[in-house]
Student: 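Dropping a structure here in structure tokens format, bear with me for questions.
So that the names make sense, note that chain A is the first sequence line, chain B the second, and so on, each numbered from 1. What you see below is based on every heavy atom in this structure, not just the backbone, and it leaves out hydrogens, waters and symmetry mates.
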Amino acid sequence: MSKQINVALIGNPNTGKTSVFNALTGLNQKVGNYPGITVEKKEGICKLPRGVKAHIIDLPGTYSLNASSLDENVVIELLLNKNDKDFPDIAVVVTDVENLKRNLLLFTQIKDLEIPTLLVINMADRMRYKGISLDIDYLEAQLQTKIALISTRKKEGIDNLKHLIANYKEVSVTPCIKASDIDKEYFENLQKAFPNQLLYKLWLVITQDVNFGKTDRKEIDAVANFKTKSKADLKRLQQKETIKRYQFINNVLREGQTIDVSQAKDLRSKLDRILTHKVWGYAIFFVILLTIFQAIYDWSSVPMDFIDSTFAFLSEWTKNQLPQGAFTNLLAEGIIPGLGGIVIFIPQIAFLFLFISVLEESGYMSRVVFLMDRVMRRFGLSGKSVVPLISGTACAIPAIMATRNIESWKERLITILVTPFTTCSARLPVYLIIISLIIPEGRFLGLGYQALTLMLLYFLGFATAVLSAYILNKVLKIKSKTFFVVEMPNYKLPMFKNVALTVLEKTKSFVFGAGKIILAISIILWFLASYGPGDDFNNAESIIKTEYAAQQLSEDEISQHISSYKLEHSYIGITGHAIEPIIRPLGYDWKIGIAIVSSFAAREVFVGTLATIYSVGNDDEATIKNRMAAEVNPILGGPLFNFASGISLLLFYAFAMQCMSTLAVVKRETNSWKWPTLQLFIMSGFAYVVALIAYQFLK
Amino acid sequence: MNTIIQNILVFAAIVGALAFLLRKFIWKKSKSKKACGGDDGCGCH
Ligand SMILES: Nc1nc2c(ncn2[C@@H]2O[C@H](COP(=O)(O)OP(=O)(O)OP(=O)(O)O)[C@@H](O)[C@H]2O)c(=O)[nH]1
Ligand SMILES: [Mg+2]
């Protein structure tokens with residue numbers, strides 16, 4: 001078998017590397033129209049003509065080989081380490097035809113490492129709109145490479161690219177710039193000291209403080225200690241290098257690229273003027289949010305009710321059709337209601353992700369980042385923290401991973417710590433069900449109160465994140481040195497396929513991720529609720545019958561009393577009563593307490609947990625919502641989910657750190673237990689206090 | 001007879017559920033190495 005060709009996809013952020021990767025490998029990695037989507041390397045296999053296979057690696061976007069953040073390190077480490085098993089036989093530099101000049105900087109750097117380098121010029125479909133034309137032959141000659149002009153969107157040029165990869169041996173490895181052109185004397189000395197090494201590689205090692213995990217440490221140290229120049233001088237040389245490179249690129253492009261401005265149909269600058277306007281920008285963003293939240297409500301209420309009653313029916317049907325016994329009960333009272341508590345939220349989750357991914361794909365999300373950057377500066381954070389905070393609306397875990405492109409460690413840490421305040425999709429189910437129970441359905445100026453409340457909760461999460469960042473900023477004494485240039489991608493019509501894939505993926509991971517947990521939890525909860533220790537539980541029937549013997553109760557009422565007596569004395573009832581004193585001041589009963597505890601596995605299971613607890617021993621066919629509405633506060637009487645306890649619950653879920661997976665990721669990213677532990681206790685403690693105050697005020 | 005089968009099934013379900021939860025939250029080992037980028041929600045839930 002012939003060896004696989006190792007191919008590395010490298011390029012500036014948002015040039016379409018992942019799109020090329022997907023086109024080559026047929027995989028479906030996440031693509032998004034803003035920089036920093038890919039933060040770790042991803043791998044796939046591409047079949048080339050004549051049975052050759054290529055092993056393709058998709059890398060995070062980098063502006064240059066002078067790394068400043070962790071995700072950029074990934075690229076440099078790979079390129080400098082010949083022994084890495086993924087070391088590329090060929091580097092494919094992906095560029096965006098509209099930003100060719102800036103994108104070529106990285107290309108010249110990689111070429112100077114004398115790795116065979118192909119140039120992919122992507123987004124060829126945009127050339128028409130911008131009036132760009134390219135002289136490919138001229139460019140190939142000047143840059144001494146092969147060029148593939150492609151459009152992954154229109155699926156053009158992919159075969160040519162495959163052909164070029166297959167013939168990678170024909171690509172020249174002549175560098176673009178001779179290192180000695182930068183500073184003759186210095187580089188000659190350097191070469192003399194290390195005659196067997198590539199000059200440009202030496203230079204990179206000297207000027208980076210990357211952590212070369214796998215490379216030979218001794219060798220590196222020797223090079224890095226080669227100090228005949230001060231730090232400031234080295235910086236000056238680096239600048240000189242950049243200038244040289246741009247001179248080279250400008251010369252090449254002067255002949256090779258023509259831009260006929262009169263042909264450019266430029267909507268972009270007009271749109272940008274409005275969408276990032278100091279006043280209108282925010283107003284438009286606000287309106288878009290309102291529309292989204294209203295739509296989530298309006299569009300999903302029908303499917304939601306349908307799912308709810310379907311599960312109620314299913315549960316009832318199971319009970320009546322299957323032979324009586326413990327397992328039938330487990331199905332009807334444990335598993336089905338538990339799963340129902342997840343499935344019911346599929347419509348909302350799908351709509352939420354539909355909107356998020358349309359906003360991302362269209363390029364609008366980057367404008368939002370720009371708008372938020374202005375706000376964040378007041379609080380001493382740079383816009384780079386905004387991207388994680390916004391992507392935290394899906395899930396805090398990828399958001400925390402996205403902080404890897406923040407250079408300043410302290411700023412990164414702060415962002416990691418506050419990101420879990422953003423309203424993630426796991427909170428959505430809890431919010432939706434509680435809101436539907438306690439907020440009236442009326443409308444104000446066409447906007448539902450319920451939708452407004454939901455939006456308020458999202459704002460609350462974001463505001464808390466920003467505020468605590470501000471406080472942490474003061475406490476941790478940060479000198480914020482990260483500066484931020486927002487990359488403004490072009491507006492694009494979202495591609496149906498990309499949007500559909502994101503929605504499908506996210507919904508699937510919501511259902512299956514949370515589904516497995518709720519399945520397991522509902523089985524255990526059912527068991528704990530259906531069995532109990534001691535005489536109280538086992539003799540429930542006779543105890544109740546004697547207690548109510550004097551009263552004339554119907555059969556139904558008696559069995560109702562028996563099952564609730566049994567539940568109170570089951571294992572779960574006993575556990576619940578044990579924790580009840582802690583949560584009673586917040587307005588919750590022991591059942592909600594159990595649901596809160598199980599939420600630490602994943603917040604989404606809140607509704608499913610309650611559904612399971614409420615259905616044990618309950619024979620009537622009722623939907624989750626109706627059962628929750630019918631619950632009575634055991635002490636005060638009246639509905640358990642009233643305005644005071646509902647608000648208190650909403651606030652608790654808004655602030656509490658209830659996600660073990662997030663804690664695990666924080667541990668991994670900060671490399672210490674200290675931060676996740678602090679997060680867990682401070683956030684949850686804060687949540688408790690706020691919920692307590694809210695309930696005591698409102699009750 | 002019927003009750004025995006039902007009880008066995010219940011028992012199996014509980015053991016399975018417990019094993020799953022323990023593996024997921026307490027005993028989780030050797031999975032962190034897997035690539036985990038922006039999209040798959042990796043370990044989310
Ligand atoms: N018009 C047009 N848009 C494209 C083309 N290829 C990719 N895009 C869009 O460009 C955007 C960025 O694509 P990605 O593949 O995520 O870019 P990336 O380089 O992997 O980005 P990072 O991982 O963030 O560095 C997405 O919105 C794509 O839909 C193309 O050929 N034409
Ligand atoms: Mg990418």
Student: Sort A:Lys508 into side chain, backbone, both or neither according to what part of it lies under 4.5 angstrom from a heavy atom of chain B.
Tutor: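 Neither part.
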
Student: Mind listing the closest non-hydrogen atom pair of A:Ala520 and B:Leu21 along with its distance?
Tutor: CB-CG, 3.8 Å

Student: Do side-chain atoms of B:Gln6 reach the backbone of A:Pro323 as a donor and acceptor pair under 3.5 angstrom?
Tutor: yes

Student: Shorter than 4.5 Å, heavy atoms on both sides: which option in A:Ile524, A:Val605, A:Leu519 has the most such pairs with chain B?
Tutor: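 Result: the option with the highest number of such pairs is A:Ile524.
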
Student: Please classify the contact of B:Ile8 with chain A as side chain, backbone, both or neither, using a heavy-atom distance under 4.5 Å.
Tutor: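 Neither part; nothing is under 4.5 Å.
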
Student: Step through the shown structure and confirm whether more than 12 heavy atoms of other residues, nucleotides or ligands are within 6.0 Å of OH on A:Tyr531.
Tutor: yes

Student: Where does A:Thr328 contact chain B at under 4.5 Å (heavy atoms): side chain, backbone, both or neither?
Tutor: both

Student: Any side-chain heavy-atom pair from A:Phe327 and B:Ile5 closer than 4.5 angstrom?
Tutor: no

Student: Work out which heavy atom in B:Ala13 is nearest to a heavy atom in A:Leu330; give both atom names and the distance.
Tutor: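 Smallest interatomic distance, heavy atoms only, reads CB-CD2, 3.8 Å.
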
Student: Would you say CD of A:Gln324 has more than 12 non-hydrogen atoms from neighbouring residues, nucleotides or ligands within 6.0 angstrom?
Tutor: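 Atom CD in A:Gln324 is not crowded, with 12 or fewer foreign heavy atoms closer than 6.0 Å.
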
